[in-house]
Protein chains: 2
Amino acid sequence: MTKKDQSEKRVCSVSHRGCVSMVPIFNHLDTLQMEEIMETVQAHSFKRGELIYRAGDTSDVLTIVNKGSLRIYRLSESGKEQLVRVLKPGEFTGELALFNETVHENYAEAMEATSVCQITRASLQKLLIKYPSISLKILQALSSRLDESEQQAAQFSTESTEQRLASYLADLLVEDDQSAIVTLPLTKKDLASYIGTTPETVSRKLKELEEMQLIRRISSSKIEILDEEKLLFL
Amino acid sequence: MTKKDQSEKRVCSVSHRGCVSMVPIFNHLDTLQMEEIMETVQAHSFKRGELIYRAGDTSDVLTIVNKGSLRIYRLSESGKEQLVRVLKPGEFTGELALFNETVHENYAEAMEATSVCQITRASLQKLLIKYPSISLKILQALSSRLDESEQQAAQFSTESTEQRLASYLADLLVEDDQSAIVTLPLTKKDLASYIGTTPETVSRKLKELEEMQLIRRISSSKIEILDEEKLLFL
DNA sequence: TGATTTACTTGATAGATATCAAGTTATTCG
DNA sequence: CGAATAACTTGATATCTATCAAGTAAATCA
């Protein structure tokens, strides 16, 4: 084994660690148990813009983000995109892989250079039998995700675009942080997709919120929240 | 024990049975195991229009529909309703009860005389430890529910009201049934809430679909699908 | 670092649908 | 079974936002 091979193996092992020790569904296990899981995952790397999976692809692995981020989105018949969620390190997708082999309804795309780990359905099922507590963690994650999805659908149906944008901005404020400056984690284009509108409308609504003195735009990605309460009760 | 007491106990026992033996998260267990679960559930009955829970109520029990049906909905700040889903016998709600005590974000209302069974978080946690396979069944149900919720959100965001109505009607067709006549399971008012529009708009769009000869209205709740393919590709 | 590409902003316009009103139909209640 | 209530349909109008275009700003690439 050349020095390069040895180096890659070590790097590979290190990269697996991020898929287990920092992942809520696994990191409650003890060290030996986590190492056992590290043995079963396969690492993959993607460049920005590459697809991890597309709608119609077979769904038979659980994918966990190790480094970078993934945008999960759906497309309508006419090609319109709805950004469902963004996955950060430690988060997973492909949970349908737990059950029958099915196909993805969503697309998963790397937003930046991203490395992931994948576990096949067979391996995952063995893990769940051996460590039932993992199921509870996955359940917890799915429950939260379901609640967020239902909230998103309800907001689309019952609130104006301005209200949805205002809610989004207010949610970016960190609970314990005194600072009222938020950093947009998404481009305006992705933000538009996430709250169910167009980039032009996001631009117009941000301008209006500024004119109403509820926010102040600092840069293209930083915004100061001037009146959080009014934002929440538009 | 009077005859009446004996009769009520037997009726009560029978009513519990529907909360276990016909429920996908439990009915894979064997008879003794299911009887054990029957011992832990509490039965409750509601009249049409009564609330099982409202937003803000503590969420610490899993609720399973035994007989009747529940409409689960959200309200916006301005009082607009979004019908999230309708629960039929065998289906459950309140899965957040599995974890930390939290509060409901949704409302659950009986659509007709409805009886439910409820299991507390403590009892449920014991059952999941004893029978880990229940977790997998709940996982399966939540995964499906999440996929449907994401689809609903995406439809609100990317499709017209006409397209959403058409999709809804097409989905009512039963796979193996040759009959193209569907029965609306919801009132027009509830249908409007479910697909994210108003009753007036549902009325107008149904009329338009009829004028396009894609459907034919038979009665207030029966519709004949004349051209399913075109419905799906509006 | 400059060229190229993409994101973003602003303007103008069209269309979808919410809202409100009023009349009709269906369901519920006593 | 008739009265009362709620659901539904139709008409009219207002508003929100998507779409398209064009110019500006920011990011990417060689």
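In the text below, chain A, chain B and the rest are named by the order of the sequence lines, each starting its count at 1. Please read all numbers here as calculations on a predicted model, not as lab measurements.
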(message) With a 4.0 Å cutoff (strictly under), does any side-chain N or O of B/T198 reach OP1 or OP2 of C/dA18?
(response) yes
(message) Using only modelled atom types and a 3.5 angstrom limit, is any donor from either the side chain of B/E200 or the base of C/dC20 paired with an acceptor on the other?
(response) yes
(message) Between B/R48 and B/E109, does any side-chain N to carboxylate O distance fall below 4.0 Å?
(response) no
(request) Evaluate the criterion side chain to side chain donor-acceptor pair (under 3.5 Å) for residue pair B/D227 and B/Q213; output intermediate values, then yes/no. (result) CA-CA 8 Å; B/D227 196 327; B/Q213 296 182 350; over 6 Å; no
(message) Whole angstroms only, please: what is the CG-C1' distance between B/L206 and C/dT17?
(response) 15 Å
(request) Figure out the CD/C1' separation between B/E159 and C/dT17, and round it to whole Å. (result) 16 Å
(message) C/dA16, OP1 or OP2 - any side-chain N/O from B/T161 closer than 4.0 Å?
(response) no
(request) In whole angstrom, give the distance that lies between atom CG of A/L165 and atom C1' of C/dC8. (result) 15 Å
(request) Answer yes or no for A/R54 and A/Y73: cation-pi contact, defined as NZ/CZ to six-membered ring centre under 6.0 Å and angle to ring axis within 45°. (result) no
(request) Report yes if a donor N or O on one partner sits less than 3.5 Å from an acceptor N or O on the other, where the partners are the side chain of B/R48 and the base of C/dT27; otherwise report no. (result) no
(request) Might you point out which heavy atoms bring A/S69 and A/E112 nearest each other, and give the distance in Å? (result) OG-OE2, 2.8 Å
(request) Figure out the CD/P separation between B/E208 and C/dG15, and round it to whole Å. (result) 14 Å
(message) Using a 6.0 Å cut-off, check whether atom CD of B/E229 has over 12 heavy atoms from anything other than its own residue.
(response) no
(message) For a quick check, tell me whether the side chain of A/R204 and the base of D/dT19 share a donor-acceptor pair closer than 3.5 Å.
(response) yes
(message) Taking 4.0 Å as the cut-off, does a side-chain nitrogen or oxygen of A/T201 come that near to OP1 or OP2 on D/dA18?
(response) yes
(message) Counting C-beta onward and ignoring hydrogens, is there a side-chain heavy-atom pair between B/L232 and A/E77 closer than 4.5 Å?
(response) no
(message) Quick check for you: among D/dT10, C/dT9, D/dA18, whose closest atom lies nearest to any side-chain atom of A/K80?
(response) D/dA18
(request) Give me the residues of residues 186-196 of chain A where at least one heavy atom lies under 4.0 Å from an atom of DNA chain C, by number, or none. (result) A/T187, A/K188, A/K189
(message) Looking at every heavy atom in both A/R74 and B/A154, which two are closest together, and how far apart are they?
(response) CD-CB, 3.6 Å
